[in-house]
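Quick notes on the structure that follows.
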Amino acid sequence: MIKLVNATGAEKILPETIIFRSVSLNLNVPIQQLVGMDGGVKTGKTTIVPRQFSLEGRIYYPDKERIKDEFDSLLSFLMASPIEVYRLEQHDRFLLAHPQGAPHSWIDLGKELELSIPMIALDPYWHGPQTTVEVASAQVVEAGGNAPVAPYIRTTSSAGGLTLTNATTGDELVVTGTGIIEVDNTEFTCLINGNNRLDAVNAEWLLTGFSLLPGANAITTSAPIELVFRPRWY
């Protein structure tokens, strides 16, 4: 059965009569058609577009009032989005998605409710459980999944700047300034003692960020840090 977790942390297991309709993986390849010639040329990076899917099926109970109560409860639950959507309740991978409505039809004088919940995952990756890895100086960090991840980085104590490298990817993060340093590689923010200090980060990081590849990553840091991330799958 499908498991949902909403933004408040509440969990809901859907009836087994509701199924997870197919989830596509669509790529956007930017191209420019050649004038007067066959074909075209690639003009940018291939990206994954937001994933769209739907949860579809029926809610059925002999008691009509219970159907109404279940439906009311589900609608209230879905309003606290985004929703973690697990294909099965025992799975540990989820899509983080926003409901786009809940079209429904009452069947057989209200004895069944036919339901469709279209959803969109703006972040197109499947995500696993959160992982925190401490790195004191140099070590190999293993990342699961099959797609790169952008970790949240924070020093474990006040540091006089930070130089962090991933020899596996060639990424380097350099932060000047003293204090507790926090770098978000998804939102591209840098905090020093809670203050926004994007000016303190090296220009190369602003262009490429800092990522971990699936498998082994050779990490070196000038100050003890924590890497916080979720493994990702395409």
Side-chain angles (χ1 to χ4, degrees), residues 1-14 18-30 44-56 74-75 77-102 116-133 141-154 164 166 168-169 171 173 182-191 196 198 201 205-215 217 226-234:
M1 293 184 286
I2 298 167
K3 182 174 77 171
L4 306 178
V5 179
N6 70 11
T8 71
E11 181 178 309
K12 182 175 286 292
I13 305 299
L14 297 183
I18 296 180
I19 63 173
F20 202 135
R21 193 59 76 179
S22 61
V23 182
S24 61
L25 175 61
N26 296 320
L27 304 179
N28 177 48
V29 182
K45 180 182 178 182
T46 298
T47 56
I48 306 174
V49 304
R51 274 180 150 135
Q52 292 186 290
F53 61 96
S54 62
L55 308 179
E56 299 180 7
L74 178 59
L75 292 182
F77 178 93
L78 292 174
M79 292 303 292
S81 69
I83 310 293
E84 295 178 8
V85 183
Y86 299 80
R87 283 183 291 188
L88 293 174
E89 59 180 307
Q90 63 268 33
H91 285 183
D92 62 357
R93 302 183 196 178
F94 65 86
L95 286 173
L96 191 63
H98 296 267
Q100 295 182 292
S116 174
I117 306 171
M119 307 190 82
I120 184 167
L122 302 178
D123 180 336
Y125 294 95
W126 290 93
H127 293 267
Q130 181 171 291
T131 300
T132 300
V133 179
V141 174
E142 294 281 344
N146 65 359
V149 296
Y152 191 91
I153 300 165
R154 59 184 172 225
L164 180 67
N166 184 345
T168 305
T169 63
D171 292 341
L173 167 66
E182 301 175 75
V183 176
D184 189 326
N185 288 285
T186 300
E187 300 295 333
F188 277 80
T189 61
C190 175
L191 302 178
N196 289 311
L198 201 57
V201 190
W205 175 82
L206 292 171
L207 293 173
T208 62
F210 188 93
S211 63
L212 303 174
L213 295 179
N217 295 264
E226 289 182 336
L227 298 173
V228 183
F229 60 92
R230 291 181 182 274
R232 302 196 301 185
W233 289 262
Y234 292 113

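Along the sequence shown, residues carry numbers from 1.
- Side-chain contact check for Pro50 versus Pro124: every heavy-atom pair is 4.5 Å or farther apart.
- In terms of heavy atoms, Ser116 sits closest to Ser54 at OG-CB, 4.2 Å.
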Could you walk me through whether Trp205 and Asp171 pass the side chain to side chain donor-acceptor pair (under 3.5 Å) test, one step at a time? CA-CA 8 Å; Trp205 175 82; Asp171 292 341; over 6 Å; no
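- A heavy-atom distance below 4.5 Å is found between the side chains of Phe53 and Leu95.
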Start with the C-alpha gap between His98 and Leu122, add the side-chain angles, then the distance that decides, and say whether side-chain contact (heavy atoms from CB on, under 4.5 Å) holds. CA-CA 8 Å; His98 296 267; Leu122 302 178; 4.0 Å; yes
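- A 4.5 Å side-chain heavy-atom check between Thr131 and Arg230 finds every atom pair outside the cut-off.
- Scanning all heavy atoms of the two residues, the minimum distance from Ser81 to Ala7 falls at O-CB, 3.7 Å.
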Candidate pair Val183 and Val201, rule side-chain contact (heavy atoms from CB on, under 4.5 Å), full reasoning: CA-CA 9 Å; Val183 176; Val201 190; 5.5 Å; no
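- With contacts defined as side-chain heavy-atom distances shorter than 4.5 Å, the pair Val85/Phe20 qualifies.
- Taking 4.5 Å as the limit, every side-chain heavy atom of Lys3 sits out of range of all side-chain heavy atoms of Glu84.
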Table please: side-chain donor-acceptor pairs of residues 142-154 below 3.5 Å, with sequence neighbours left out.
{"residue": "Asn146", "atom": "OD1", "partner": "Tyr234", "partner atom": "N", "Å": "2.9"}
{"residue": "Tyr152", "atom": "OH", "partner": "Glu182", "partner atom": "OE1", "Å": "2.9"}
{"residue": "Arg154", "atom": "NE", "partner": "Glu226", "partner atom": "OE1", "Å": "2.7"}
{"residue": "Arg154", "atom": "NH2", "partner": "Glu226", "partner atom": "OE1", "Å": "3.2"}

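- Counting only heavy atoms from C-beta outward, the side chains of Leu78 and Leu4 approach each other to under 4.5 Å.
- Atom-to-atom distance recorded for Leu14:CG and Lys12:NZ is 7.5 Å, nearest 0.5 angstrom.
- Taken from OG1 in Thr186 to CZ in Phe229, the straight-line distance is 12.5 Å, to the nearest 0.5 Å.
- Atoms CD and CD1, on Gln100 and Ile120 in that order, are 5.0 Å from each other to the nearest 0.5 Å.
- Contact record, Asn6 with Phe77: ND2-O, 3.2 Å, taken as the closest heavy-atom pair.
- Using a distance-only test at 3.5 Å, with no hydrogens or angles considered, a donor-acceptor pair links the side chain of Arg51 to the main chain of Ser24.
- From Arg232, atom CZ reaches atom NE2 of His127 across 6.0 Å, with rounding to the nearest 0.5 Å.
- Cation-pi contact between Arg87 and Trp126: present, with separation from the ring centre below 6.0 Å and deviation from the ring axis of at most 45°.
- Residue Arg93 holds its CZ atom at 4.5 Å from CH2 of Trp233, rounded to the nearest 0.5 Å.
- A donor-acceptor pair is defined here as one N or O able to donate and one able to accept, closer than 3.5 Å; no such pair exists between the side chain of Asn26 and the backbone of Val49.
- Every salt bridge (charged side-chain N to carboxylate O under 4.0 Å, His left out) that Glu56 has, sequence neighbours left out, goes to Arg21.
- Under the 3.5 Å distance criterion, the side-chain polar atoms of Asn28 are left unmatched by any main-chain donor or acceptor of Thr47.
- Looking at Leu27 and Ile48, their side chains come closer than 4.5 Å, going by heavy atoms from C-beta outward.
- Between Phe210 and Thr169, the closest side-chain pair of non-hydrogen atoms is not below 4.5 Å.
- Checking side-chain atoms of Asn166 against main-chain N and O of Ser211 turns up a donor-acceptor pair under 3.5 Å.
- One distance of note links CG of Leu212 with OG1 of Thr168; it measures 9.0 Å at 0.5 Å rounding.
- In plain terms, the two heavy atoms of Ile19 and Ile2 that are nearest each other are C-CD1, 3.5 Å.
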